[in-house]
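Below is one structure, written out as structure tokens, with a few remarks after it.
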Amino acid sequence: AAQAAAMLHSLGVHTLQLLTQAAACILLFPRFLLTAVMLWLLDFLCIRKKMLMMPTAEEAARASEGPTPHETPGCLVSDSNRMFTLESLKAVWHGQKLDFFKSAHVGSLAPNPEVIQLDGQKRLRILDFARGKRPLILNFGSCT
């Protein structure tokens with residue numbers, strides 16, 4: 001009976017996680033499409049700029065001598081550094097999912113996660129360390 005209850009609980013947890021992921025996908029898809037279109041437009045503009053700024057034979061010969069101080073390079077786009085790639089779209093999707101599921105939001109209360117003291121015995125919340133109006137500073141740095 002206990003094993004069946006544990007399996008039902010596990011199934012419920014997995015179902016809730018699946019529903020949460022599905023809701024996130026539905027909510028994030030319009031933002032993702034807008035970002036993908038913006039990436040495509042930026043990619044297109046850089047390629048267009050590169051094509052319009054293609055040097056003539058005379059300019060190419062002059063360029064081989066070295067750039068003059070007043071010349072600025074155009075948009076450097078090749079097949080290997082395109083912005084609108086599957087990898088860039090995956091990164092945009094992942095970033096938007098992280099932003100959606102974060103616990104800190106502008107204008108809302110600060111997250112107050114549980115922390116364990118160094119002795120490993122006592123559990124407190126981060127904001128339990130705040131004293132009056134004195135700012136609480138958390139340093140996640142390393143001494144190495």
Side-chain angles (χ1 to χ4, degrees), residues 1-55 59-60 62-144:
Q3 189 176 16
M7 286 178 57
L8 280 175
H9 177 71
S10 177
L11 180 63
V13 169
H14 288 334
T15 303
L16 183 62
Q17 287 175 342
L18 180 64
L19 290 174
T20 303
Q21 292 291 327
C25 288
I26 290 168
L27 291 172
L28 291 176
F29 195 67
R31 285 175 48 184
F32 170 73
L33 284 179
L34 180 63
T35 305
V37 167
M38 296 303 286
L39 276 174
W40 178 78
L41 286 173
L42 187 58
D43 210 19
F44 174 76
L45 289 174
C46 282
I47 292 170
R48 182 172 170 242
K49 185 176 180 181
K50 180 182 177 187
M51 296 302 278
L52 290 176
M53 296 185 74
M54 279 192 137
E59 289 171 336
R62 206 168 25 108
S64 65
E65 298 169 3
T68 60
H70 66 277
E71 291 178 343
T72 57
C75 219
L76 301 175
V77 177
S78 68
D79 289 340
S80 63
N81 66 354
R82 301 284 305 273
M83 288 174 273
F84 194 70
T85 62
L86 184 58
E87 290 78 22
S88 68
L89 293 176
K90 283 180 186 178
V92 168
W93 180 256
H94 182 70
Q96 289 189 7
K97 272 182 59 178
L98 286 175
D99 188 48
F100 182 77
F101 285 111
K102 69 183 177 188
S103 59
H105 297 280
V106 174
S108 65
L109 294 175
N112 192 16
E114 189 176 73
V115 293
I116 301 171
Q117 287 193 330
L118 291 176
D119 62 9
Q121 302 298 315
K122 193 170 182 183
R123 294 174 180 262
L124 297 168
R125 298 265 174 200
I126 287 180
L127 294 179
D128 292 341
F129 295 97
R131 301 287 180 255
K133 294 189 183 247
R134 195 175 101 201
L136 176 64
I137 298 173
L138 301 175
N139 182 355
F140 296 100
S142 173
C143 296
T144 58

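Residues D99 and H105 share a closest heavy-atom pair of O-CE1, 4.2 Å. Of all non-hydrogen atoms in R125 and N112, the two that sit nearest each other are NH1-O, 2.9 Å. Between L136 and L127, the closest heavy-atom pair is CD2-CD2, 4.3 Å.
Sparse packing is recorded around NE2 of H9, with 12 or fewer heavy atoms of other residues, nucleotides or ligands lying under 6.0 Å away. Within a 6.0 Å sphere centred on CG of L138, heavy atoms belonging to other residues, nucleotides or ligands number more than 12. Residue F29 places its CZ atom among 12 or fewer non-hydrogen atoms of other residues, nucleotides or ligands, all under 6.0 Å distant.
Residue L28 holds its CG atom at 5.0 Å from CH2 of W93, rounded to the nearest 0.5 Å. We find the NE2-NZ distance between H94 and K90 to be 12.0 Å, quoted to the nearest 0.5 Å. Taking NZ of K97 as the start and NZ of K102 as the end, the distance is 16.0 Å to the nearest 0.5 Å. The CG atom of L89 sits 13.0 Å away from atom CH2 of W40, with the distance rounded to the nearest 0.5 Å.
Applying the side-chain hydrogen bond (donor to acceptor under 3.5 Å, both in side chains) rule to E114 yields the partners R123; only residues at least two apart in sequence or on another chain are considered.
Classification of K122 and D128 as a salt-bridged pair fails, no side-chain N sitting under 4.0 Å from a carboxylate O.
For the pair F100/C25, no side-chain contact is recorded, criterion being any heavy-atom separation below 4.5 Å from C-beta on. Counting heavy atoms from C-beta outward, V92 and M38 have side chains that stay 4.5 Å or more apart.
Judged purely by atom type and a 3.5 angstrom limit, T20 uses its side chain to pair as donor or acceptor with the backbone of L16.
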